[in-house]
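A short worksheet on the structure shown next.
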Number of protein chains: 2
Amino acid sequence: MGAASAGRSQGIQRTTIKDVALAAGVSVSTASKALNERGRMTLETRERIQGIAQKLGFRPNAMARALVHQRSFTLGLLTNDTYGRFTLPIAAGLSAAMADRGVSVFLCAIDDDPERVRLNVETMEDKRVDGLVVSGKRIDRVLPVDLPAVHMPVVYVNAACPPGAIGFVPDDEGGAHSAVAHLVSLGRKRIAHVTGPRGFGAVGLREKGWLRALSEASLPCFGAALSGEWSEGFGYESGQRLIANREAERPDAIFCGNDQIARGLIDALTLSGVRVPEDIAVIGFDNWEIFATATRPPLTTVDMGLKELGRQAGLTLLDLIDGKPVEAGQRQLPCRLKVRQSCGSEAPSAD
Amino acid sequence: MGAASAGRSQGIQRTTIKDVALAAGVSVSTASKALNERGRMTLETRERIQGIAQKLGFRPNAMARALVHQRSFTLGLLTNDTYGRFTLPIAAGLSAAMADRGVSVFLCAIDDDPERVRLNVETMEDKRVDGLVVSGKRIDRVLPVDLPAVHMPVVYVNAACPPGAIGFVPDDEGGAHSAVAHLVSLGRKRIAHVTGPRGFGAVGLREKGWLRALSEASLPCFGAALSGEWSEGFGYESGQRLIANREAERPDAIFCGNDQIARGLIDALTLSGVRVPEDIAVIGFDNWEIFATATRPPLTTVDMGLKELGRQAGLTLLDLIDGKPVEAGQRQLPCRLKVRQSCGSEAPSAD
DNA sequence: CTGAAAGCGCTTACAG
DNA sequence: CTGAAAGCGCTTACAG
């Protein structure tokens, strides 16, 4: 019990195909063929051997197979988003899709430290993973992965993808457009935009979606987008600022660049007696549930489909590994509006 | 370029030790010895061979080595906390500590679905990982892992650990105690407790820590602990309830069972004009930064040391794998108070 | 239909 | 000091 028994990992001699062959009175090659459903042989022999394998609890050593097949059925996931909210959904989507296909994924946390990246890539190469998915936290930043040195297929998720490479990002512009179009359909006319720092690619795209939806509805643009930190604090300030004017000059809807901003902003409005959604409708971006559901009222927001992003990236990587032709370039996967209560119900009349 | 080149994973023939031996004009066994610093040989030969290996970009195939060493230098991380906040820090701590030692970790997301667990455990066995860390979201729930069937060392993190097994959990009681002791040291006398659902093990332990700190300070227990959801909503309600009485009967400090509750509670106090920390000091539990830093004022809270938990679990698992004796049972790792601004500054006089 | 042989890439006693 | 041989656990042509 306890100490000793727990540590005896070497003690457990696992059943090998040799054991199976011996027990069945056949050669190892025959056993292999029987178990892999290859070649022709009497159904009876095949089933007998399979039965014995089952009885002995035989499970083929994946590394031995990998050695001969030159295919390990493993992937590496490199991510620099160690604490953020992106990696987990992406990793979950990826790993679930891969698990169904017998491929396992190594998690490599890199901290934007090129040395650490090198070390992890090296380890992944040593372990002979079949491919790499590189996942980031900004769609406009490329991770410090020295591609030329990587001898295997790579796919990027939620990160910039170098020329000629393959990547997956959420369709930020489309998501923003659908959010604003939703506000328009509810009859809102003065739709403001409060968002993150100018430097972010996502900020530009979301702003573009906002402007496009406005122009499609022939609505004037309500002031310039307010740009600041991705924080509740900035949302709070912005909320106060947007209601500083007298009522006629206030927006009747605000599209926020992320859920944290939206939350801070709603707090500011509520504290000043402005009602959400009656006076001002608010939409966020991210569908980070812990925020979106805790705002009062619960937040309508744009879901980036991160899980699906991870899934698609994995499936594409498998295609690449199988040598199937895959077009280079970045794909934008659709976002989906998640309607809660911060915009009120559907408008009685949309035009 | 593009499609075709990206998919040609088979095209890259990696350098093998045979190539190195050939280029150096020695046998494969000699090459192996030179590269592994084993056996005796002229320094000159050794360095020559190593130089050639370097030049050819030789990296030994980890699977081939694993096959002969019966050790894969890989681990599996099973977790049912796919979206929560526990897994990521634990995984980061684990994977960082392991990366330094050349061991990689497979991420397996299981959804409390026993079938999915079985599938993942099976895959990990097929891949011949050296051990498993099983990580959960409740210290009082055992994950549906059928241990008898697992032929390798296992360590539990942030989950109940079956009799005879090895586990790591945060010291919830100690953490709670240090939080309340902090309040006491600031001169607070009427310290209430608002926490999660009764069913949770952590709830009982944190309550115990609260009571012990009070009794050590000869302070009366300020009402019974308020128990409800782990949500901002419940925190909000509780905040309103605790200040419903006239001022003399209100608490002067509130220790919350998690950061979400603390945040909702602070919102309620603030909205009612009660000042935090002047009138009532508040402490949370989790140090979930996204919450703790966004509360106004920023939240003093208990950090559970999840990263360290993951690290320790990994190191212990390695010991187990190496056959070193490890005592069975559950270890409680210390929590650490993270002081921000929701309690005010140190008291001018502590007694 | 079945099995001996060679091989995946490496390491480790064991002879020379 | 160096190399041939056997082996880790499996698969795949290739003969019988």
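Labels below follow one simple rule: chain letters A, B, ... track the order of the sequence lines, proteins then strands, and each chain is numbered from 1. As the structure is a prediction and not an experimental result, all values here were calculated from the model.
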Strand DNA chain C as a dot-bracket string - pairs counted if Watson-Crick or G-U with both distances under 3.5 Å, | where the partner lies in another strand: |||.||||||||.|||

DNA chain C contacts among residues 20-32 of chain B, heavy-atom distance under 4.0 Å: B/Val28, B/Ser29, B/Ser32

d(CG, A/Leu35; C1', D/dT11) in whole Å: 12 Å

Phosphate OP1/OP2 of D/dC10 contacted by A/Arg65 side-chain N/O (<4.0 Å): no

P-based separation of C/dC1 from D/dC10 [nearest Å]: 25 Å

Length of the CD1-P vector between A/Ile17 and C/dC8, whole Å: 19 Å

B/Lys127 vs A/Thr74 side-chain heavy atoms within contact, under 4.5 Å: yes

D/dG9 phosphate, OP1 or OP2, under 4.0 Å from B/Gln70 side-chain N/O: yes

Pairing residues for A/Arg65 by the salt bridge (charged side-chain N to carboxylate O under 4.0 Å, His left out) criterion, not counting sequence neighbours: none

A/Asn61 side chain near D/dC8 phosphate (N/O to OP1/OP2, under 4.0 Å): no

Atom-pair distance (CZ on A/Arg46; P on C/dC1), nearest Å: 10 Å

Pairwise 5' ranking along DNA chain C for B/Lys33 and B/Phe58, keeping only the more 5' one: B/Phe58

Nearest atoms (heavy-atom pairs only) where A/Leu317 meets A/Val154: CD1-N, 4.2 Å

Sugar-phosphate, base or nothing in reach of A/Lys18, heavy atoms under 4.0 Å: sugar-phosphate

Spacing between A/Lys127 atom NZ and C/dC8 atom C1', to the nearest angstrom: 19 Å

Non-hydrogen atoms of A/Ala23 and A/Leu56 that approach each other most closely: CB-CD1, 4.1 Å

Interatomic distance, B/Met63 CE vs D/dC8 P [rounded to whole Å]: 18 Å

Per A/Thr42 side chain, nearest of listed nucleotides D/dG9, D/dC1, C/dT2: C/dT2

Separation of the P atoms in C/dT2 and D/dG9, to the nearest angstrom: 25 Å

Shortest non-hydrogen contact from A/Ser104 toward B/Met124: OG-CE, 3.7 Å

Options C/dT12, D/dT2, D/dT11, nucleotide nearest the side-chain atoms of B/Thr45: D/dT2

d(CG, B/Leu67; C1', C/dT12) in whole Å: 14 Å

Nearest-Å distance for atom pair CZ/C1', residues A/Arg71 and C/dC8: 16 Å

